[in-house]
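Structure first, then comments.
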Amino acid sequence: MLAFLIRRIAEALVVMVVVAFFAFSMFRFMGDPVANMMGPDATIADREAMTKRLGLDQPFPVQFAAFLGNVAEGDFGVSFRVGRPVIDLVKERLPATLELALISGLFALVGGIGLGVYTALRRDGLLSRAIMAISLIGVSLPTFLIGIALIYLFAVELRWLPSFGRGETVRIGGWTTGFLTGSGLASLVLPSITLGLFQMTLIMRLVRSEMLEVLRTDYIRFARARGLTTRAIHFGHALKNTLVPVITVTGLQLGSIVAFAIITETVFQWPGVGSLFISSVQAVDVPVMATYLLFVAGFFVFVNLVVDLLYFAVDPRLRSATTGGH
Amino acid sequence: SDPADAKPFRWARGQDAPTLDPHTENSNQVFGLLHQIYEPLIHRDQDGKIVPALALSWGLLPTDAKTWQFKLRPGVKFHSGDAFSADDVVFSLKRAMDPLAGVRTTLAGVIDVVKVDDLTVHVKTQEPMPLLVNQLTNIFMMSQKWAEANKVTRPQDFKNKEETFAVRNANGTGPYILVSREPDSKTVMKLNEGYWGKGQFPLQATEVVYSVITSAPTRIAALLSGELDFVQDMPVQDIDRVAQTANLKVNTGPEVRSIFYGLNAGDPELASSDVKGKNPFADKRVRKAIEMAINREAIQKVVMGGQSAPSGTLIPPGVNGYSKELDQYPKWDIAKAKALMAEAGYAGGFGVKLNCPNNRYINDEKICQATVGFLGQIGIKVTLDARPMAQHTPTILKNETDFYMLGWGVASFDAAYTLDSIYHSRDKVYGAYNATRVVEPDWDKKMEALGTETDTAKRDKLLAEILAHVKDEALFIPIHNQLLAWGMKKGIEVKVQPENQLYVKYVKID
Amino acid sequence: MTIDRNAPPLLRVEDLARVFDVSKPWLARMIEREPRRFVKAVDGVSFSIAKGETFALVGESGSGKSTIARMVVGLIRPTRGRILFDNVDIADPGRTADVARLRRRFQMIFQDPFASLNPRFRVDAIIAEPLTAFGLMSDRAEIEARVADLLKLVRLDPADGRKYPHEFSGGQRQRIAIARALAANPEFIVCDEPTSALDVSVQAQVLNLMRDLQDEFGLTYLLITHNLAVVRHMADDVGVLYLGRLAEVAPTEELFARPRHPYTRMLLDAVPDLRPGGRPRRAITGEIPNPIDPPPGCTFHPRCPLADDRCRREAPGYTRDGGARVACHAVEEGRTETAPPAAFALA
Amino acid sequence: MAAADAVRAGRLRRALDSDLFYSFRRSPLTVVAAVVVLVIGLAALLAPWIAPTDPFDPSSLDLMDGKTPPLKPNEFTGHTFLLGTDDQGRDVFSAILYGARISLLVGFASVVVSMAIGIALGLLAGYRGGWVDSVIMRVADVQLTFPDLLVALMIFGIARGALPIAAQEHMAIPVLILSIGIAKWPQYARTVRGVTMVERGKDYVQAARVVGLPAGKIMRRHILPNVLGPVLVIATLGLSLAIITEATLSFLGVGVPPTSPSLGTLLRIGQEYIASGEWWILFFPAIALVAIALSVNLLGDWLRDALNPRLR
Amino acid sequence: MTEPLLSVRDLTVQFPTRRGLLTAVDRLSFDLAPGEVLGLVGESGAGKSMTGSAIIGLLEPPGRIAGGEIRLKGERIDNLPAEAMRRIRGRRIGMIFQDPLTSLNPLIRIGDQLVETIVTHTDRTPWEAKLHAASLLEAVGIPAARARIDSYPHEFSGGMRQRVVIALALAADPELIIADEPTTALDVSVQAQIIAVLKDLCRDKGTAVILITHDMGVIAETADRVAVLYAGRLAEIGPVADVISRPHHPYTRGLMGSIPSLDGGRDRLEQIPGSMPRLSHIPPGCAFNPRCLQAFARCVAERPPAYRADASEAACFLLDPAMSPAEAAR
Ligand SMILES: Nc1ncnc2c1ncn2[C@@H]1O[C@H](COP(=O)(O)OP(=O)(O)OP(=O)(O)O)[C@@H](O)[C@H]1O
Ligand SMILES: Nc1ncnc2c1ncn2[C@@H]1O[C@H](COP(=O)(O)OP(=O)(O)OP(=O)(O)O)[C@@H](O)[C@H]1O
Ligand SMILES: [Mg+2]
Ligand SMILES: [Mg+2]
């Protein structure tokens with residue numbers, strides 16, 4: 001267990017450095033931050049001075065090493081665009097993204113598992129066939145289109161829900177939450193659906209096929225032969241076993257929710273780290289972009305770690321495999 | 001209407017001001033937001049006319065062509081309650097001239113600012129500066145006391161890795177007081193009850209909620225759904241829909257911004273062309289042919305949905321140097337253009353790459369696409385490289401483009417502002433955006449002379465001469481001047497300002 | 001059929017051993033302060049098979065039967081010991097060239113006829129694979145003729161070659177597997193539980209076929225099984241394997257007439273007798289121990305009715321007794337008759 | 001000749017008689033999906049011959065045709081277009097055909113890229129085991145810990161900067177293919193490795209080893225065909241994902257040049273018109289994209305169930 | 001004779017497949033007395049498992065009972081509604097499957113699986129059920145049952161798991177246990193132990209057993225009567241000693257002959273030529289006729305009914321008392 005954790009953390013560090021490296025080599029081609037920071041009438045001398053001040057005149061390896069060194073000390077630099085420490089920006093934006101990710105993750109998970117179980121148990125039912133077919137639309141349309149379409153339907157035509165932003169938020173310590181106000185909750189609905197739809201479809205299909213397989217296993221047959229109730233068989237036995245493989249995939253999917261939030265946040269003007277990233281890309285705000293990518297990698301690694309631990313908790317076979325026995 | 005009624009004004013733009021520090025950045029977004037909170041000495045009103053703000057009157061000292069005197073408005077208070085005085089003006093102008101200040105180029109040439117008495121300030125310039133007043137309309141006045149108390153006596157320095165107080169806090173003399181700010185998302189301001197202009201301006205909005213919505217369809221959706229009262233950056237294609245919506249309307253007006261192409265006529269060979277050993281753009285006939293092949297009216301009608309004014313010069317109307325005659329553009333004539341191409345020895349055409357931004361000007365990428373089609377008809381095979389502005393600008397600044405789109409707003413409302421940056425050959429001070437690689441030392445001198453010539457008539461003549469030359473050379477192919485479209489609820493009354501800046505104090509709400 | 005008992009053995013296995021490393025990953029071991037763990041799947045096994053004979057290996061699951069088979073045919077390398085085929089050590093890594101040549105002469109038949117035939121290949125392609133792989137034939141017509149011959153040899157219709165394995169029953173598939181094994185004219189065939197997946201009626205067909213082929217071509221078999229009745233019908237000599245070691249090696253007749261090792265007896269007693277009122281079957285006590293840490297001394301002692309202190313301490317060497325070789329202190333000491341039958345009963 | 005024909009006819013008959021085809025015929029939705037894919041695929045393939053105009057040739061476009069509604073004559077030029085035109089005067093119908101061509105090309109090719117990498121590495125890892133396996137799977141894990149979309153963005157960004165400016169124009173599509181392809185290989189590698197490890201242990205592979213077949217040949221002849229089933233399933237579902245990823249990348253501003261738009265680029269352009277009344281600029285390309293992705297997904301779905309013996 | 005515990009009459013199980021209707025069990029009839037052990041033998045695919053599944057009502061779709069009836073103590077159970085049938089399963093009829101490695105849910109503790117079964121079918125509280133579970137584990141010979149009740153299945157060896165499976169099947173004291181090849185997946189050395197446990201427990205509780213296997217050795221020492229299936233049909237049924245030593249049906253005879261024995265020596269085994277027909281291609285008449293050395297015209301034309309022969313019954317025209325000696329001679 002401990003060995004596993006150590007390995008995972010070591011892996012995570014490697015991932016982060018690799019990501020940082022790729023990110024950094026990419027940023028060199030994203031444009032010139034100075035051109036963006038200076039007004040159109042800035043002279044060439046001004047521009048050169050600014051380039052120097054930002055350390056952008058240094059060769060790539062020097063810049064990269066400096067960045068890594070600073071990050072190791074917890075310093076993620078200062079945003080070129082808004083002149084604030086990146087870490088503050090991220091901290092300020094993180095609650096929005098995490099709340100959105102949480103809700104859409106829950107939506108994907110609850111909806112996915114629920115519908116997956118339903119369609120597996122009523123395999124040949126008309127409704128479950130319809131759900132299966134319709135759900136595919138969720139993975140057949142790009143997220144940005146789904147978002148825009150939802151806005152037009154629910155905000156413009158029906159006027160039920162807000163079209164942008166987070167609504168009223170409440171500040172609790174360093175965290176701003178939209179969970180405590182009506183407008184905050186209403187604002188969460190459309191972005192969460194947009195962001196979670198894709199994952200929900202995947203989870204649902206996965207749950208369905210896993211469940212169908214589990215329902216054919218010998219231990220389910222044996223459970224039936226023991227006369228257990230259908231409820232106990234479906235939910236006590238089958239669902240539990242279905243979830244084991246589902247957990248891994250779900251972990252990966254939930255991790256990518258944060259990445260896909262870029263698009264959803266842009267469409268809904270959600271003030272999270274994803275829209276921060278997009279603004280930063282436009283302004284070639286290298287420190288913010290690099291930090292964002294590190295953050296996503298870190299989040300992903302974290303989610304995967306949690307998933308693996310969950311795996312241990314759910315499946316006793318794994319537990320004893322690491323603690324010995326034969 | 002009863003002024004006691006609380007009237008929120010919900011306003012959205014496509015991009016936020018990155019900072020609230022009035023001197024760090026020279027950008028339309030910063031000025032657009034800060035004009036509600038801070039004020040300059042001199043204002044450009046909703047029509048673009050120069051009007052007094054914190055300075056009541058100004059003028060050159062009769063004795064000294066290099067010293068301007070400003071008489072300040074008495075009785076003005078900052079939001080913090082401190083009184084506004086000459087000390088603050090001296091402090092603010094000097095702060096704006098700091099090497100760290102993004103706005104310092106506007107004050108290039110100013111050498112000193114002196115307090116004469118509490119309500120009089122002198123500004124001394126190196127050379128005579130006839131246009132100084134034009135340059136001051138976006139230089140905001142800060143409170144020296146507040147700045148000192150909050151350690152923001154200098155603009156943001158990226159070297160020290162801390163946030164300065166002025167980035168997210170503001171203390172101006174303006175009509176609205178900052179209440180809260182979530183960068184890139186929402187900024188709330190409330191009416192300044194102690195504003196000096198009370199009674200002079202409508203000041204009807206009691207609260208201003210300024211939202212940023214990057215995605216254009218979402219922005220329009222929010223207006224359509226009633227979540228917004230006012231959208232400043234209207235996508236052209238939605239104007240009709242909004243205008244036809246029952247309780248919405250669209251106000252339009254000219255912006256002081258020209259869109260044009262630049263051609264690399266100075267290099268011996270075009271890096272992106274298949275023609276080797278010579279530069280087709282060096283041939284004036286080719287440049288003229290290009291000018292003639294572009295159907296500006298079609299661009300106006302189809303791409304811009306009518307929201308542009310086709311142009312023949314780099315200078316928009318309203319700017320010093322503009323004339324109707326200069327603005328004539330050649331008739332769209334493919335046959336003639338082809339003939340010119342043949343005459344120049346390029347009957348078979350040639351290939352070249354066009355660099356274009358895709359997120360800066362109204363429908364920039366689409367205009368470029370249309371241009372690719374037009375030039376294709378006279379045999380020029382254009383490959384389009386459309387990128388975000390952040391990547392586009394360096395190609396110009398580093399001379400990596402042969403054919404580029406550029407838009408230029410005229411902050412000082414004088415043509416010299418444009419010419420200095422895009423036509424003067426490149427050196428440490430001038431020509432940063434000139435990628436034509438053409439060097440004409442005589443004309444450079446003439447342009448430099450514009451900066452110091454105080455005799456208006458003489459200066460105008462010189463300007464006209466230079467502009468005529470630019471037009472004749474066709475190093476630049478003007479396309480059009482942008483029109484601005486502001487969408488709003490019916491019942492709101494405001495004129496479109498040519499700098500694309502909204503002063504909420506002028507807004508009337510029914 | 002006559003067997004020349006003095007002929008030099010075709011296959012001689014000397015002190016063969018194979019250890020599997022089943023340790024956890026390095027990091028886990030470091031943290032949990034665990035030593036490496038090994039399974040001695042085969043531990044010092046020696047036997048020899050004369051040409052034309054059948055040698056049977058019997059034993060419980062996990063006793064190392066398959067591991068021996070896989071070493072003999074070269075699927076895995078032995079940790080120790082020699083495998084002499086026609087006096088060439090085929091386990092010697094220095095002689096790969098010779099081994100490659102010898103390969104053709106030995107083949108293998110697997111337990112599960114459903115898994116040992118690639119479901120995506122036609123039967124004729126399956127049978128022809130050794131021909132092309134060993135470079136014996138390349139002419140299509142020649143190959144086709146050979147495949148047809150082989151199919152006839154295993155009592156199948158040559159037209160069946162066009163079919164896929166799933167179109168055959170289990171017994172037929174095992175015959176196809178035999179045809180494949182015979183394709184390259186081998187002299188020696190390792191049969192790893194060739195009939196344990198088949199019904200008795202089909203088993204009879206396959207075993208009879210194997211016998212016929214042996215008679216016809218003088219084949220030599222290494223037969224692996226856990227079914228003593230099958231051994232009785234097929235083998236000349238038997239080796240009884242327990243936890244990777246040979247407990248007893250003896251000619252078949254002798255082994256069944258006079259089992260010496262207590263484990264051999266236990267196995268024999270556990271075989272049910274079909275005759276009504278026949279010898280009562282006795283269940284074997286206990287289960288095979290975990291091979292990762294086998295019991296000290298004689299590994300059979302926890303289940304042995306004859307075990308004493310010495311057995312618990314000291315691993316037995318081999319005692320020759322008639323035609324048999326037995327690894328048992330009790331046999332060596334002659335205390336074999338003391339076992340009360342009650343000791344076999346289920347605890 | 002006749003014999004060969006007979007064999008072929010026999011093969012066709014067997015194919016038509018197979019369980020796969022049987023389950024195909026029994027699922028009307030799948031048949032419809034197959035027809036849609038076939039029709040769109042063919043139309044895209046034959047676009048230069050079917051399409052009324054060449055939307056990729058800007059000089060042939062008349063800007064004045066711009067924003068013409070479907071089946072209504074243009075107010076200036078009087079031209080009429082089946083599905084209308086976009087803001088550049090591009091015939092939407094032709095643009096969809098040509099755009100589908102690019103989208104399908106990018107989709108197919110990127111799937112082939114990830115499949116090729118994934119199968120090769122997966123087979124190697126699964127068959128060889130040991131440190132080869134560890135190294136390959138760690139790399140895959142590392143990449144899996146980072147979202148596809150961002151991987152593709154990064155590779156695209158790097159390629160764009162690394163390539164000489166002159167080459168970028170022609171390289172846009174290959175770079176896109178590589179970016180998406182590389183972003184998605186680990187999934188294939190994992191699956192292939194799993195199947196390989198199972199198959200490697202099966203007796204028929206052991207039998208092939210006893211026969212002396214070299215490892216490469218065993219992987220190719222014996223293991224590869226078994227791997228193809230599950231890989232094919234991932235590939236079909238991956239195809240639609242790749243098409244969507246291409247569209248999303250184009251929304252984020254990287255992708256094919258706007259003068260030769262893919263379906264994704266058409267959507268990006270069209271989404272600006274969602275409220276403007278020029279609905280056809282978005283609607284038809286969106287329908288085309290959904291039709292392709294949906295049908296391919298349905299096919300993948302069916303394939304997964306049909307190839308899974310346990311679900312039959 | 002007392003009322004049979006189980007009475008199967010003309011049971012027919014069919015699978016509609018794309019190549020037509022497949023009859024896996026064809027008009028099978030037999031009775032089972034309380035406490036009796038009936039062996040069900042036959043080749044793979046003969047229909048043994050389908051018979052068992054049909055009795056306990058667990059045929060996997062598309063399989064279905066197409067005819068005949070099954071009575072438990074006189075009450076018809078083949079057409080019960082799902083819920084009523086569920087109450088019978090486990091409570092009155094238990095089942096043991098072949099593979100103990102897969103019969104237990106790997107994620108649920110042994111004890112919990114037992115408790116759940118007991119609570120479903122009896123009035124015991126979970127606490128009482130747990131005590132009962134421990135005693136059941138003890139009864140099937142699991143040492144230190146109390147300590148191991150919280151173990152997961154993977155912590156047990158194959159033999160112990162099969163003991164747990166037996167405990168589960170017996171948890172609610174059913175009247176009938178159907179054991180479908182309960183030892184095939186186990187090591188030879190453990191097989192005898194498991195059979196012994198099963199036999200002892202059922203004898204103690206008076207439970208009747210249908211023991212499905214193809215191991216005649218197991219049948220010989222365990223069963224009272226044995227039924228031989230061939231291609232879904234009953235070939236022969238009778239007391240175990242009779243069927244083994246005096247088989248009447250030619251198939252049974254062949255089957256018995258092909259079993260190698262310990263005393264057989266190194267000689268050839270008897271063998272039945274050919275193989276069992278696929279169920280979709282059963283020849284007309286007697287299903288065994290293509291392989292039968294004694295077949296005659298009638299065997300191809302007509303399906304033989306069961307004839308009495310000694311204590312057994314066998315479906316073979318050779319046993320038809322009305323058959324002419326001439327025909328029999330051929
Ligand atoms: N590749 C391997 N890695 C680790 N252990 C192995 C490996 N192969 C075999 N073993 C171990 O070696 C021992 C002997 O295995 P082997 O397969 O030879 O037994 P067997 O007698 O053939 O059993 P069965 O009758 O079940 O086939 C077992 O304990 C097994 O777990
Ligand atoms: N789902 C199914 N679809 C079609 N046929 C089936 C299905 N399940 C079983 N059968 C057929 O039913 C017949 C009887 O099968 P059954 O499992 O009862 O045989 P068995 O005697 O138990 O064999 P074994 O000894 O292999 O377990 C077999 O021939 C099989 O092909
Ligand atoms: Mg084995
Ligand atoms: Mg069965």
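Bear in mind that the values here come from a model prediction, so they are computed numbers and not experimental data. Within every chain, numbering begins at 1; the chains are lettered A, B, ... in the order of the sequence lines, protein sequences first and strands thereafter. For the numbers below, each heavy atom of this structure counts, side chains included, while hydrogens, waters and symmetry mates do not.
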Given Gln88(D), Lys67(D), Met64(D), the one with more heavy-atom pairs under 4.5 angstrom with chain B than any other is Gln88(D)
- Item | Phe403(B) ring center near Phe281(B) ring center (under 6.0 Å) | yes
* Asked: Hey, would you say the Trp486(B) and Phe230(B) ring centroids sit under 6.0 Å apart?
  -> yes
Cut-off 4.5 Å, heavy atoms of chain D, and the answer for Ile299(B) is both
Q) Does Tyr261(B) reach the side chain of Ile294(B), with side-chain heavy atoms less than 4.5 Å apart? A) yes
Okay, Ala370(B) and chain D: the region with an atom under 4.5 Å from a heavy atom over there is both
Check your understanding: Going by heavy atoms in the side chains, are Trp11(B) and Gln232(B) under 4.5 Å from each other?
Key -> yes
Decide yes or no for Leu224(B) and Arg241(B): does some side-chain heavy atom of the first lie under 4.5 Å from some side-chain heavy atom of the second?
yes
When the 4.5 angstrom heavy-atom criterion is applied to Leu63(D) and chain B, the contacting part is both
So, the part of Lys366(B) with a heavy atom under 4.5 Å from chain D: the answer is both
